[in-house]
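Data block below; observations after.
Here the structure is a predicted model, which is why all the values come from computation and not from measurement. The sequence lines fix the lettering, A, B, ..., with proteins before strands; numbering per chain opens at 1.
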Amino acid sequence: MRSRQGIIELFTTFLELDADRAIGWAIDARLRRSMVNCQASLPQPETSENFWISYWYKQWHNSVQNPAQSLGKQHLVSYLQEVCYWSAQKVAQKAAQGNSSGQYSLSDCFQMAIMRVDKVLKGFKPDVGFNLKNYGSVVFSCELKEILRSQNEIEICTNWRLLRKLSHKRLVESLQNAGYGADMIPSYVLVWRCYIELYAPEQPTGTRRLPKPDEATWKAISQLYNLERHTQLSVSGKESNSETVEKWLVTCAKAVRSYLYPSMTSINAATNSDNAGELQDILPQLQQESILTEMIAVEEKNERQLQRQQISDFIVTAIKELDNEAQKIIQLYYSQELTQQQIAKELEMKQYTVSRRLSKTKDTLLIKLATWCQESMHISLNSSVLDYVSTILEEWLQNHYSSNSMPLGENS
DNA sequence: GATCTCCATAAGATGGGACT
DNA sequence: AGTCCCATCTTATGGAGATC
């Protein structure tokens, strides 16, 4: 890609992209006029990038109250083209190397990133020394990674898990969106209700990979459906068997997927219609937010909380398994915040003995916790993971005892 | 041989006073 | 207010001997 030359080009041109390479720079005549006029109004020509960043940033900032002055944003979008291009290239390359499922071209990544330019401008703080290029690079990369991650999350969530997380309202909307009418939707909804009742009545916990129900469950679901269709449906619908209920539920999941997370299509892709235009010609103005992404974020938060609770429970149990003297030392040191010298006096031993016991006890807890992490969370242990686990343990001991004056029970 | 205890001491953290 | 120096406190650890 040819670098832009001169201050006017830097703030008035836009990148032209093929699927995965930059072709050149297109000049925007209106922006060019705007730059030339502004230059002319200054006592002497200004060639500093920082001056113009600051100038157009202020314009953009004011335009939030006065949209008539929205030129500032367009000049900044032009300026950020290169940064956006490099971020898109980096992310697109990584996605291509990894097993990321979204087949996005560089051009797609660029388009997705540049759409987030408002995030760059809103977070940018010129008065505290931010550099717009660096800041833009970080924000574009993070946003792109987030988009790809969300897409990946959707795809690793099984149909059965997706159906379990769904609300009744959302299912009906999805089926309507997929073109199903009032003749079929009640049957789909009823079979979905039977599925929830018989297969996954508990609230979902951590896993996104809820497996497919077994044959016996399918049978039970179809029996329940056949029983209830006479009372629950206004027109009692067709008799179903294991195969049809599974087929219907897969149809529901498909409808939900396409409703909640429409598949990304390259903006430059040709449409199937006869006039062979590009999709961008008919692109709707409004971007549909991914509701599913939100659901997954909530789930992840719950997972982290659950994990913290599990770690805490494990450490409490591990401490109870220590001998009385070790428990006492831990308690006096972390809970009562005595020095090793004071503990030594209390327990009639030497300071160095307390020190050695304390570090040995912590080693014991560390080994137990690390082993448990390895087994229950499938984390492979290396020195940095051990350091991390050690920090978690130390923080837990400090926080736990400072917030709980938990008297440690005698060994039983 | 592994573990514990003891002693001496190193290393780091903290606090107070003098000085600019 | 910030910095430097020094004394003191706290904790960790190497090495030697005792014990299991």
Provide, to the nearest angstrom, the distance between the CD atom belonging to A:Glu394 and the P atom belonging to C:dT11.
12 Å

Donor + acceptor pair across side chains of A:Gln81, A:Thr13 (<3.5 Å):
no

Using a 3.5 Å distance criterion without hydrogens, assess whether the side chain of A:Thr317 forms a donor-acceptor pair with backbone atoms of A:Asp313.
yes

Nearest-Å distance for atom pair CD/C1', residues A:Gln341 and C:dA12:
14 Å

What is the distance from atom CG of A:Leu80 to atom CG of A:Leu15, rounded to the nearest 0.5 Å?
12.5 Å

Residue from A:Trp218, A:Tyr195, A:Tyr188, A:Trp192 passing ring pair (Phe, Tyr, Trp, His ring centres under 6.0 Å) with A:Trp248
A:Tyr188

CD of A:Gln340 versus C1' of C:dT8: gap in Å, rounded?
16 Å

How would you label the contact of A:Ser355 with the nucleic acid (heavy atoms, under 4.0 Å): base, sugar-phosphate, or nothing?
base

Exceeds 12 heavy-atom contacts within 6.0 angstrom, atom CZ of A:Arg4:
yes

Just wondering, do A:Ser34 and A:Trp56 contact through their side chains at under 4.5 Å, heavy atoms?
yes

If the sugar-phosphate is the primed atoms plus P, OP1 and OP2 and the base is the rest, what is the B/S/- string for nucleotides 1-10 of chain B, using protein heavy atoms under 4.0 Å?
---SSBBB--

